[in-house]
Amino acid sequence: MAQRIDRAASFGQNLYVDTRGAAGEPVSFTQAVINGLAQGGGLYVPEELPTLSLDEICALARLPYAQRAAAIYKAFNVDLPDEAIDELMGRAYGDNFDDEAICPITSLDESTHILELWHGPTSAFKDMALQCLPHFFSASAEKLREEGTLDHEFMILVATSGDTGKAALEGFKGVDGVSIGVLFPDGGVSDIQRKQMVTTTGDNVQVWAVRGNFDDCQTGVKHAFADEKFAEKLLDEYRIALSSANSINWGRLLPQVVYYISSYAELVAAGKIEAGCPIDVCVPTGNFGNILAAWYAKQIGVPIERLLCASNDNRVLTDFINTGTYDISDREFILTSSPSMDILVSSNLERQLFELTGRNGEAIRQWMADLADARCFRVDAETFRRVRENFSADSVDNAACLATIREVLDAHDYLLDPHTAVAYAAAQNLRGENPVLIASTAHWAKFGNNVYRALHGIEPSGELPADVAALTGCELNKLIAEETGKHHIPAGLANLDTMQVRFTEVIDNDVEAIEDAAEAFLAR
């Protein structure tokens, strides 16, 4: 499937098909980004994947990160001019990140490397995509308007388990022709994550807490996208269409492919591995987009051998990879120390299964229908064999997660957030002889309460001491910094207590409540 794409001879002709085969003719990159979700509920994937040689991958290390990203977008033959891609990437990856490397790699030892994906404005890995997607969304909309195929504006509707929401708000605030509404589970995100969202500035943003968990939020948003009458009403009355900034949008996924390709080049350039040396990649996994991006990097030519899928107590992906059955029919949703991974319906698994079945849309339609109706599906034997060829999986419970934070600080003087701790622990359980690249998805200060528990041996469900519990998230982070000597707390986290809370509304999780809230926002 991966092949050499001649951009000069076939500019922009790498079109996008949907995973369920229900959307009709393939569409361009710009149209796929604008649509977000394909008609019929499927997800877009490119018809062709580029091939990069080992020399081409390693040569990327000589370029600044923005130019690496631009080179990979050009390799995918997106239908925007080279100079536009260069400009957009320069705006996406610049001084909005606190490290000029954008996603630096810290090596704990000669074979364990931490890919720090949290140096963007919201201190989470979602910035790697959501500082990029809004620029390409705006450019795509402008292109389609010039072509006469677009005559309306957009509302981005986002369900978040904690990090996507703030990253999307920061990326899209102030973008012309776009409004953005974010829904998060009430009580299901950290204090810092909640404050990041509800203090967001900008006239085109809105945030709602939702009664329920993340899956309730995500399901409600999906139903809103599938509601044709609601779509007609938004177009007729407001000249607005819904689109997505969740990882169901290919424009969210492609920037993640970039950082895995870039990271291999970086490891070689730093002398940490030899060119051609295989590595394993371990990802703390919830919605499956981040680890899927590593799989795409492997197909393009990066010498990745095993993809290590790290789950928390909500171990539906670990069970699926180990059994071939995806079953949430009687599975309890567990609130964990790593809340951004508290997900039972992993949307991007659909893309992965589409690829592993040889792009069998009929099989995907049936499995997704089974998941919707029976909350369970089982893949065929050949697809399961291919899953096992690529993936290993393990789950890490709350207690092991917190113990890992303490162990890594003691052994390496490095402070992990709980999600990265889940990945580190799973990597130790699953790794073989290859060096391991561990995706670090958030700065520890986003989850100070659980980091404090880890450092002081408090069980995951244990109460914090009264004087500590009385602290705000920012104050608690200052205390942790004093205790550990880890004083670098990004300004966007350190200053939250001084920010004005703008959004306090709590809504139900059904589609009617979500649609009513969205319409009230647009009508204000």
Can you confirm whether [X] is buried at [atom1], in the sense that more than 12 heavy atoms of other residues, nucleotides or ligands lie under 6.0 Å from that atom?
X: Arg239; atom1: CZ; value: yes
X: Asp6; atom1: CG; value: yes
X: Asp236; atom1: CG; value: yes
X: Glu505; atom1: CD; value: yes
X: Arg375; atom1: CZ; value: no
X: Glu237; atom1: CD; value: yes

Do [Y] and [X] have ring centroids that are under 6.0 Å from one another?
X: Tyr93; Y: Phe97; answer: yes
X: Phe447; Y: His419; answer: yes
X: His135; Y: Phe137; answer: no
X: Phe503; Y: Phe184; answer: no

pair [X]-[Y]: side-chain heavy atoms closer than 4.5 Å:
X: Asn213; Y: Asp342; result: no
X: Arg502; Y: Thr199; result: no
X: Leu437; Y: Ser263; result: yes
X: Glu116; Y: Pro104; result: yes
X: Trp367; Y: Thr357; result: yes
X: Ile300; Y: Phe76; result: yes
X: Leu115; Y: Ile438; result: no
X: Val182; Y: Gln206; result: no

Nearest 0.5 Å, what's the [atom1]-[atom2] distance between [X] and [Y]?
X: Ile328; Y: Phe320; atom1: CD1; atom2: CZ; value: 12.5 Å
X: Leu371; Y: Gln366; atom1: CG; atom2: CD; value: 11.5 Å
X: Ile343; Y: Phe214; atom1: CD1; atom2: CZ; value: 4.5 Å
X: Lys446; Y: Leu493; atom1: NZ; atom2: CG; value: 6.5 Å
X: Ile489; Y: Ser123; atom1: CD1; atom2: OG; value: 10.0 Å
X: Ile240; Y: Ser179; atom1: CD1; atom2: OG; value: 5.0 Å

Please check if any side-chain donor atom of [X] sits under 3.5 Å from a side-chain acceptor atom of [Y], or the reverse.
X: Asn312; Y: Ser338; result: yes
X: Thr122; Y: Glu170; result: no
X: Asp86; Y: Gln67; result: no
X: Thr200; Y: Lys166; result: yes
X: Thr30; Y: Ser140; result: no
X: Trp118; Y: Ser440; result: yes
X: Gln352; Y: Asn348; result: no
X: Arg68; Y: Ser262; result: yes
X: Ser161; Y: Gln218; result: no

### Query
So does Glu355 pair up with Arg386, basic N to acidic O under 4.0 Å?
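Salt bridge: no.
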### Task
Look at Asp216 together with Arg211 and state whether they make a salt bridge at an N to O cut-off of under 4.0 Å.
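Answer for the salt bridge query: no.
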Does [X] reach the main-chain N or O of [Y] with its side chain, forming a donor-acceptor pair under 3.5 Å?
X: Arg20; Y: Ala363; result: no
X: Asn249; Y: Ala245; result: no
X: Asn204; Y: Gly174; result: yes
X: Asp191; Y: Gly473; result: yes
X: Asn77; Y: Gly12; result: yes
X: Ser190; Y: Gln193; result: yes
X: Ser346; Y: Gly286; result: yes
X: Thr441; Y: Phe125; result: no
X: Arg365; Y: Thr19; result: no
X: Asp508; Y: Ala513; result: no

### Message
My understanding is that only one of Leu15, Asp79, Leu144 makes a side chain to side chain contact (heavy atoms under 4.5 Å, CB included) with Gln31; could you say which?
### Response
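With Gln31 as partner, side chain to side chain contact (heavy atoms under 4.5 Å, CB included) holds for just one option, Leu144.
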### Query
Should Gln13 and Glu48 be marked as a side-chain contact (heavy atoms from CB on, under 4.5 Å) after you check the CA-CA gap, both sets of side-chain angles, and the distance that decides it?
CA-CA 10 Å; Gln13 292 180 28; Glu48 300 175 350; over 6 Å; no
### Task
Given ring pair (Phe, Tyr, Trp, His ring centres under 6.0 Å), test Phe288 with Phe391 step by step and report yes or no.
CA-CA 12 Å; Phe288 210 79; Phe391 294 91; 5.6 Å; yes
#### Entry: Shortest non-hydrogen contact between Ile34 and Ser243, atoms and distance
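What the structure gives for the nearest pair is O-OG, 2.6 Å.
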### Query
What is the minimum heavy-atom distance between Cys103 and Met128, and which atoms define it?
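Closest pair (atom of Cys103, atom of Met128, distance): SG-CE, 3.9 Å.
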### Task
Can you spot which of Asn290, Thr164, Thr160 makes a side-chain hydrogen bond (donor to acceptor under 3.5 Å, both in side chains) with Lys126?
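Among Asn290, Thr164, Thr160, the one meeting side-chain hydrogen bond (donor to acceptor under 3.5 Å, both in side chains) with Lys126 is Thr164.
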### Message
As a test of understanding, state which of Phe29, Tyr44, Phe136, Tyr296 forms a ring-ring contact (aromatic ring centres under 6.0 Å, His included) with Trp250.
### Response
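Among the candidates, only Tyr296 passes.
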### Query
Does the pair Met499 and Gln196 meet the rule for a side-chain contact (heavy atoms from CB on, under 4.5 Å), with working shown?
CA-CA 9 Å; Met499 300 285 289; Gln196 282 187 298; over 6 Å; no
### Query
Do Val281 and Tyr260 pass the side-chain contact (heavy atoms from CB on, under 4.5 Å) test, and can you show the C-alpha distance, the side-chain angles, and the key distance before you say yes or no?
CA-CA 9 Å; Val281 174; Tyr260 288 113; 3.7 Å; yes
### Chi angles and distances behind the salt bridge (charged side-chain N to carboxylate O under 4.0 Å, His left out) call for Glu515, Lys233
CA-CA 11 Å; Glu515 291 178 351; Lys233 183 176 185 180; over 6 Å; no
### Worked check of side-chain contact (heavy atoms from CB on, under 4.5 Å) between Ile364 and Leu353
CA-CA 7 Å; Ile364 301 304; Leu353 292 177; 3.7 Å; yes
